Each structure stands twice: as structure tokens, then as C-alpha cells.
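Take a look at the structure below.
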Amino acid sequence: MVPIMSQFIERHSQLFREGRIEEMLDDCDYPLGVQGPDGLAVASRDTYREWLQNWRGDLGNRGMREEYVRIHTLELQRAGKFRVWIERRFENEAGEQLDLDVIYYCRFDTPRPLIEMIEFGAPPSPTD
């Protein structure tokens, strides 16, 4: 499962960088739960598209480029569902950095994963 998820995450990162938002949206199940600092929101495909476009625009306005994306932790499947913790770093020429930790709650929808919920938060600690 590790190679499949590595390819999936790298593909999502590439799609985001290239502005291919519609293709990213195809890998999500709607309504999509999105947990962030302001609480839980339920996003339709249109709402999530708008969020991604705004986020991409904000990063572009700040001159931020993705330095890396990597899987921190990949959980074993239970009843066909699993979580994957992702670390992303963006940086601009001025040295400003944005570190983003994201948890995708997924299920396998053969032949690919499908994202059911997204949580913006810290990577798991060794005791999780």
C-alpha cells in the first residue's frame, strides 16, 4: 500500500502545483469533512474547489513554492479505511516558510484511494 499512497500523494501535490484542481476533486468523497483551526466544515465539491483555488492563489501571491511533500505515517487499514499523515513545506525567495501537516482519512475505492475527510493538524506523536 505504501507505493500506491506515495504515488497518490505525489500526484495530488503535482496537480495542485499545476492548477489542475478538478482532477484533485475527483479523488474526494462528498460531502467532504474538513477539520481546521476554526472547527469542522462540510464541503461540497464546489466549496472545496473554491478553497483550493483561494489557497493556491494566496501561495502564488506570496511567491511560495512547494519544497517537499512526504508521508509521515501511513496507518494500516481497518475495515477498508485508513489515515495518512502528510507533511508539506512551502517556501519563497525571502525565506518565508509554511509548514503544513495534513491528515487524509481514506478508504480504498479500487483501484485508488478516496479521501473522505481532511484534517489540518500536527503529525502523530510516537504514542499515537
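Every value quoted in this text rests on a predicted model; they were computed, and no experiment measured them. Excluded from the calculations below are hydrogen atoms, water molecules and symmetry mates; all remaining heavy atoms, backbone and side chain alike, are included. Residues: numbered from 1 along the sequence shown.
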If you compare all heavy atoms of I115 against all heavy atoms of L32, which two are closest, and at what distance to 0.1 Å? O-CD1, 3.8 Å
Are I9 and F108 co-members of a hydrophobic cluster defined by side-chain heavy atoms under 4.5 Å apart? yes
At their closest point, which heavy atom of I21 faces which heavy atom of Q53, and how far apart are they? CG1-CG, 4.2 Å
Is the backbone of E22 close enough, under 3.5 Å, to the side chain of R49 for a donor and an acceptor to pair up by distance? no
Nearest 0.5 Å, what's the CG-CD distance between L40 and Q35? 5.0 Å
Rounded distance [0.5 Å steps], CD1 in I118 versus SG in C28: 5.0 Å
Tell me whether I4 shares a hydrophobic cluster with L74, the cluster being built from Ile, Leu, Val, Met, Phe, Trp, Tyr side chains joined at under 4.5 Å. yes
Would you check, one step at a time, whether the test side chain to side chain contact (heavy atoms under 4.5 Å, CB included) holds for D26 with R45? CA-CA 9 Å; D26 291 342; R45 184 181 176 105; 2.7 Å; yes
Same cluster for V42 and L52 if Ile/Leu/Val/Met/Phe/Trp/Tyr side chains link at under 4.5 Å? no
Would you give the length of the straight line joining atom CG of L25 to atom CD of E23, rounded to the nearest 0.5 angstrom? 10.0 Å
Identify the heavy atoms of V34 and W51 that sit nearest to each other, and give their distance. CG2-CZ3, 3.6 Å
Hey, does V102 have a side-chain heavy atom less than 4.5 Å from the side chain of H72? no
Taking 4.0 angstrom as the limit, do R83 and E75 come out as a salt bridge? yes
Side-chain contact test, heavy atoms from C-beta onward, threshold under 4.5 Å: evaluate it for L59 versus F16 and give yes or no. yes
More than 12 foreign heavy atoms under 6.0 Å from CD of E18: is that the case here? yes
With rounding to the nearest 0.5 Å, note down the distance linking CE in M5 to CD1 in I71. 5.5 Å
Closest heavy-atom pair and its distance - R62, N92: O-ND2, 3.0 Å
Which is it for W85 and D101 under the side chain to side chain contact (heavy atoms under 4.5 Å, CB included) test, yes or no, and what are the steps along the way? CA-CA 7 Å; W85 282 259; D101 297 312; over 6 Å; no
Measuring from atom NZ of K81 to atom CZ of R107, what distance do you get when rounded to the nearest 0.5 angstrom? 6.0 Å
Is the ring pair F8/H12 parallel, tilted or perpendicular, if the boundaries are 30 and 60 degrees? tilted
Using a strict threshold of under 4.0 Å (side-chain N to carboxylate O), is an ion pair present between R17 and E10? yes
Can a donor-acceptor pair be found, under 3.5 Å and without considering hydrogens, that links the side chain of Y30 to the backbone of D46? no
Could you label the plane-to-plane angle of the W55 and F90 rings as parallel, tilted or perpendicular, counting under 30° as parallel and over 60° as perpendicular? perpendicular
Heavy-atom check, side chain of D27 versus side chain of P113, under 4.5 Å: no
In Å and rounded to the nearest 0.5 Å, what is the CZ to CE distance from R89 to M64? 10.0 Å
Exercise: identify the closest heavy-atom pair between V84 and C106: CG1-SG, 4.3 Å
